[in-house]
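Each ligand, and each atom within it, is numbered from 1 in the order the structure gives. Given the structure is predicted, the values throughout are model-derived calculations rather than measurements.
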Amino acid sequence: MKKVKIHLILCLFIFSFLSCNQKKEQKIETTSIVQSETKLDLLDLQAKNKLGKDTVVTIGNDPVYHKAKKFKAVSASLLIQTEIDLTKIDPKNTKIVFECIDGYKPEMPLELFLNANPYLAFEDVDAPKGTKWETIVKDGNEMNAEPFYIVYTSVLEKDTRYKWPYNLVKMYLEPLNKSTLELFPLKNRKLQSGYTLFKNQCITCHAINGIGGTMGPELNFPKSVTEYWKEKELVDYIVNPASFRNKVKMPTLGITKQQSQEIVDYLKYMSENKKKI
Ligand code: HEC
């Protein structure tokens, strides 16, 4: 009797192990399919005249220009639906990632984006004669929004769930939990708060193991910042970068010292989990 029971448990164990592994393989496969088929190179589409029908949109209070604006634009949701076969993906578990010229890489849930009636602006109607875009002044620096800028006519500018990327060049879809799976501190769940802070506040500009934005430097590979910064200085830097570097390009994000320590603890853990992706 006892022998049978042990056999049964052993069988169940082996079975669940096998089926778990199978699931994992399937997941990796769909991830790569999603990525290769869903990257939209916007300049390329524009050159081929494939952006769609253009229209003029009016933005009541543009969060980048801080005033009312008019743009020539095409429907971004229509463009995505024309270029990508959405029946092949699960929109509820997919996010859209925006790639900007300077490496800034914000993202948001695909469903939220598609339902917000987003527009891809390609020309600034208010631009001074002879120019295509009005100048944006940010932290004393002058720039403009070309070649593309995502805008919405019916989203409040203070609703931070919506991203308004400018200098946009590419958009692609990715499983919602991709970065979660790759960067989650599986071997030490106490570090989850540092991981969550990193995901919400840093990943748009910094990568770990190649996952994330490239506006700021990669923080883990091949050398982790925790290996060449003194720990205390690193914690202080993340709280207030301008106290270390003149004209620093990293903004002060309102991170507390305690939160910064949690991020650094997470970065130390990741330094033992380096991987070239
Ligand atoms: C808007 C983009 C942006 C965000 C968001 C951002 N950073 Fe940065 N970060 C930068 C840039 C750009 C630099 C290069 C700094 C410079 O101008 O010298 C940098 C530099 C750094 C450095 C120094 C790297 C080195 O090798 O010297 C660290 C560490 C760092 N950031 C950590 C963080 C952490 C942690 C967060 C999240 C709490 C964060 N950053 C959020 C843009 C950003």
Side-chain angles (χ1 to χ4, degrees), residues 63-66 95-108 136-145 148-150 157-170 179-180 182-185 188 190-277:
V64 172
Y65 288 90
H66 304 291
K95 65 187 175 188
I96 178 160
V97 186
F98 306 100
E99 246 181 62
C100 304
I101 291 174
D102 56 7
Y104 188 63
K105 238 184 192 178
E107 57 181 53
M108 63 185 277
I136 305 166
V137 181
K138 201 179 153 205
D139 307 326
N141 297 315
E142 288 194 355
M143 51 184 110
N144 71 44
F148 298 103
Y149 172 33
I150 292 286
E157 78 284 358
K158 48 180 184 290
D159 190 337
T160 54
R161 293 175 305 157
Y162 296 91
K163 307 298 169 192
W164 298 66
Y166 52 90
N167 299 145
L168 178 68
V169 281
K170 288 184 182 138
S179 48
T180 320
E182 305 274 3
L183 301 181
F184 190 85
N188 185 352
K190 282 196 207 118
L191 300 172
Q192 199 173 334
S193 57
Y195 155 81
T196 305
L197 283 162
F198 179 81
K199 202 161 77 94
N200 294 340
Q201 306 264 14
C202 322
I203 206 168
T204 47
C205 295
H206 292 283
I208 287 182
N209 294 346
I211 298 168
T214 52
M215 186 175 183
E218 151 85 45
L219 297 180
N220 200 51
F221 189 88
K223 257 192 195 281
S224 160
V225 280
T226 61
E227 291 162 340
Y228 58 82
W229 276 78
K230 287 187 205 133
E231 180 163 343
K232 188 189 163 300
E233 310 276 290
L234 189 54
V235 171
D236 290 344
Y237 178 89
I238 294 166
V239 172
N240 185 3
S243 67
F244 282 73
R245 288 180 179 155
N246 187 27
K247 293 194 174 167
V248 75
K249 291 207 184 75
M250 174 165 154
T252 296
L253 298 159
I255 301 262
T256 65
K257 207 163 171 166
Q258 159 80 28
Q259 287 173 325
S260 181
Q261 184 65 55
E262 285 169 10
I263 296 172
V264 170
D265 289 341
Y266 167 68
L267 291 174
K268 280 200 293 198
Y269 163 90
M270 288 310 289
S271 74
E272 284 153 27
N273 293 277
K274 286 182 193 171
K275 202 158 117 190
K276 194 175 174 187
I277 293 179

Beyond-backbone contact of [X] with [Y], side-chain heavy atoms, under 4.5 angstrom:
X      : Y      : answer
Phe221 : Lys275 : no
Ile96  : Phe98  : yes
Glu157 : Tyr162 : no

If you have a sec, work out which protein heavy atom is nearest [atom] and how many Å separate them, to one decimal?
atom                    : answer
atom 18 (O) of ligand 1 : Arg245 NH1, 3.1 Å
atom 16 (C) of ligand 1 : Val248 CG2, 3.7 Å
atom 5 (C) of ligand 1  : Gln201 O, 3.2 Å
atom 34 (C) of ligand 1 : Cys202 SG, 3.4 Å
atom 39 (C) of ligand 1 : Met250 CE, 3.3 Å

Which of the atoms of ligand 1 are close to [X], meaning less than 4.0 Å from one of its heavy atoms?
X      : value
Gly216 : 10 (C), 11 (C), 12 (C)
Leu234 : 29 (C)
Pro217 : 13 (C), 14 (C), 19 (C), 20 (C), 24 (C)
Ile263 : 35 (C), 38 (C)
Ile255 : 38 (C)
Leu253 : 37 (C), 38 (C), 41 (C)

Once you restrict to heavy atoms under 4.0 Å, what part of Lys249 touches ligand 1? Side chain, backbone, both or neither. both
Which bit of Leu267 is near ligand 1, meaning a heavy atom under 4.0 Å away: side chain, backbone, both or neither? neither
For atom 8 (Fe) of ligand 1, does an N/O/S atom of His206 lie at less than 2.8 Å? yes
Can you tell me how far the [atom1] atom of [X] sits from the [atom2] atom of [Y], to the nearest 0.5 Å?
X      : Y      : atom1 : atom2 : result
Ile136 : Asn167 : CD1   : CG    : 7.0 Å
Lys223 : Lys274 : NZ    : NZ    : 6.5 Å
Lys257 : Asp236 : NZ    : CG    : 4.5 Å
Tyr266 : Ile208 : OH    : CD1   : 4.0 Å

Say whether, by atom type as modelled, one donor and one acceptor occur between the side chain of [X] and the main chain of [Y] under 3.5 angstrom.
X      : Y      : result
Ser260 : Val235 : yes
Glu218 : Asn209 : yes
Lys105 : Ile203 : no

Return a yes/no value for Trp229: is any of its N or O atoms, backbone included, closer than 3.5 angstrom to an N or O of ligand 1? yes
I need the single residue from Glu262, Glu231, Glu227 that forms a salt bridge (charged side-chain N to carboxylate O under 4.0 Å, His left out) with Lys268. Which is it? Glu231
Proximity winner for atom 15 (C) of ligand 1, if only heavy atoms of Tyr237, Tyr104, Tyr266 are counted: Tyr237
Report the member of Ser260, Gly194, Cys205 with the shortest heavy-atom distance to atom 4 (C) of ligand 1. Cys205
Any atom of ligand 1 sitting under 4.0 Å from a heavy atom of Tyr228? yes
